[in-house]
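Reading through the structure tokens given below for one structure.
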Amino acid sequence: MLCWRHLAAVGALLVALSAVLALRSLAEHRRPDTTGRRPLRFASGGFKVALFADLHYGENAWTDWGPAQDAGSDRVMAAVLDAEKPDFVVYLGDLVTANNLGIPNASLYWDRAISSTRGRGIPWATVFGNHDDMPFEWPPEWFSPAGVPPVHCPPPSMSVSDCSFRGTPRHELMTSEIIRNGLSYSSNGPKNLWPSVSNYVLQVLSHRQDDPALLMYFLDSGGGSYPEVISSAQVQWFQSQSQFLNPNGRIPEIIFWHIPSTAYANVAPKAKSEIRKPCVGSINKEVVAPQEAEWGMMDALVKRDSVKVCLI
């Protein structure tokens, strides 16, 4: 079984971002939040975001290594959150390694991945990666002379009825997160974009006024049960949202997705090469695995000076 967990930070890639941005006013384009959640807002010192990607909970769960990595991720995230005290957390995909999960509901591990943030009362949002809803892959070592090891079913209190190997679809994972957590700002996104699910935009209001000072877009870059692409339909959705909310590009924008674009693969440092400049991601330890195709998202962003793209 291949190891998909980035080893640079005890099995988790952890990046803390601090965005202290000039407050901009564009109240006429503000879209109200009808979910009952408290609006996100800049503090007097800015708006700090902690970013966790590729946590891969549940990977190799039948070995000693897998649970140890999960425990390490628990400790590292707790340390980062306690040290940085962010205003918001973004989980940038691959919270779980669903292709290693021999239980019918990956939301059990998903819930553990977000527990450090939830326990500290910090709001968060999630976006899907390429492992979150992959189908189960039988490990070859299970068919060794020692035989197939017993499957450890979760206790009945976990609301899991059996120990089948059915994958958990994207919309089920997201729905489970949302209904159980009042601090989750995640969304299943427009149904016309399904099965691409985590497509939504969040507004962060200015410190003193109810005007948006930052727009955070989240895009599902596929993988698992869905091709590894940002589709032309998603591009059109982004263009429609950005035109409505930020027609003049006056509000700073950050866009989050998991799988790098083909353009990033062309400019990223080569794997295991000497680090000549700061590199977000694998820090030159792994080859960039980009999306299967480019359907216009990078073209849509190239002329938007208001945009900063964040991908792993």
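Throughout, numbering of the chain's residues begins at 1 and tracks the sequence.
- Nearest heavy atom pair, residue A300 against residue Q239, reads CB-NE2, 3.7 Å.
- A donor-acceptor contact shorter than 3.5 Å is absent between the side chain of N99 and the backbone of P135.
- Here CZ of R75 is found 10.5 Å from CG of D70. Values are rounded to the nearest 0.5 Å.
- In terms of modelled atom types and a separation under 3.5 Å, the side chain of S240 and the main chain of Q236 share no donor-acceptor contact.
- Judged by distance alone, the side chain of D133 and the main-chain N or O of P169 form no donor-acceptor pair under 3.5 Å.
- Note on W295 and Y217: separate hydrophobic clusters, where clusters join Ile, Leu, Val, Met, Phe, Trp and Tyr whose side-chain heavy atoms are under 4.5 Å apart, directly or indirectly.
- Grouping the Ile, Leu, Val, Met, Phe, Trp and Tyr side chains by contacts below 4.5 angstrom, directly or via other members, places Y185 with V204.
- To the nearest 0.5 angstrom, E84 atom CD is 4.5 Å from K48 atom NZ.
- A pairwise comparison of heavy atoms in A263 and M298 identifies CB-CG, 4.3 Å as the closest pair.
- Residues V76 and I122 fall within the same hydrophobic cluster, defined by Ile, Leu, Val, Met, Phe, Trp and Tyr side chains chained together at heavy-atom separations under 4.5 Å.
- Using a 30° and 60° split on the angle between ring planes, F52 and Y91 fall in the tilted class, from 30° to 60°.
- With E177 as the fixed residue, the side-chain contact (heavy atoms from CB on, under 4.5 Å) test singles out one of I179, L173, N181, T175: N181.
- Between Q203 and I251, every side-chain heavy-atom pair lies at or beyond the 4.5 Å cut-off.
- Listed by chain and number, the residues in a side chain to side chain donor-acceptor pair (under 3.5 Å) with S231 are Q234 (sequence neighbours excluded).
- When hydrophobic clusters are built by joining Ile, Leu, Val, Met, Phe, Trp and Tyr residues whose side-chain heavy atoms come closer than 4.5 Å, directly or via intermediates, I254 is grouped together with L202.
- Residues meeting the side chain to side chain donor-acceptor pair (under 3.5 Å) test with Y226, sequence neighbours left out: none.
- Each of L40, L51, L183 was scored for a side-chain contact (heavy atoms from CB on, under 4.5 Å) with F88, with one residue passing: L40.
- Distance alone, capped at 3.5 Å, is enough to place a donor-acceptor pair between the T168 side chain and the A106 backbone.
- No donor-acceptor pair closer than 3.5 Å links the side chain of D94 to the backbone N or O of V96.
- Side-chain contact between I255 and F238 is present, with at least one heavy-atom pair separated by less than 4.5 Å.
- Applying the salt bridge (Lys or Arg N to Asp or Glu O under 4.0 Å) rule to D82 yields the partners R120; only residues at least two apart in sequence or on another chain are considered.
- Here the shortest heavy-atom pairing between S198 and M174 reads CB-CE, 3.7 Å.
- In terms of modelled atom types and a separation under 3.5 Å, the side chain of E292 and the main chain of V229 share no donor-acceptor contact.
- Taking the six-membered ring for Trp and thresholds of 30 and 60 degrees, F47 and F42 have ring planes inclined between 30 and 60 degrees apart.
- Connection of L193 to M297 is established within a shared hydrophobic cluster, with ILVMFWY side chains joined at heavy-atom distances below 4.5 Å, either directly or through further cluster members.
- When E137, H56, H131 are each tested for a side-chain hydrogen bond (donor to acceptor under 3.5 Å, both in side chains) with T97, only one passes: H56.
- Y57 and D74 share a donor-acceptor pair across their side chains, judged by distance under 3.5 Å alone.
- Checked options Y200, F128, F218; the residue passing with F256 is F218 (criterion: ring pair (Phe, Tyr, Trp, His ring centres under 6.0 Å)).
- Contact between I178 and S187 at its shortest, heavy atoms only, is CD1-CA, 3.9 Å.
- The CH2 atom of W110 sits 13.5 Å away from the OG atom of S115 when rounded to the nearest 0.5 Å.
- Formation of a donor-acceptor pair under 3.5 Å by the S186 side chain with backbone atoms of T126 is found in this model.
- Atom CG of L245 sits about 8.5 Å away from atom CD of E253, to the nearest 0.5 Å.
- Atom CH2 of W124 sits about 4.5 Å away from atom CD1 of I114, to the nearest 0.5 Å.
- The CZ atom of R118 sits 10.5 Å away from atom OG of S184, with the distance rounded to the nearest 0.5 Å.
- Contact detail for S196 and D220: the closest heavy-atom pair is OG-CB, 3.3 Å.
- Residue N192 places its CG atom among more than 12 non-hydrogen atoms of other residues, nucleotides or ligands, all under 6.0 Å distant.
- In terms of heavy-atom proximity, L215 sits nearest to N246 at CD1-CB, 3.7 Å.
- At least one donor-acceptor pair closer than 3.5 Å links the side chain of Q291 to the backbone N or O of I259.
- Side-chain N or O atoms of D132 include one that pairs as donor or acceptor with a backbone N or O of L95 at under 3.5 Å.
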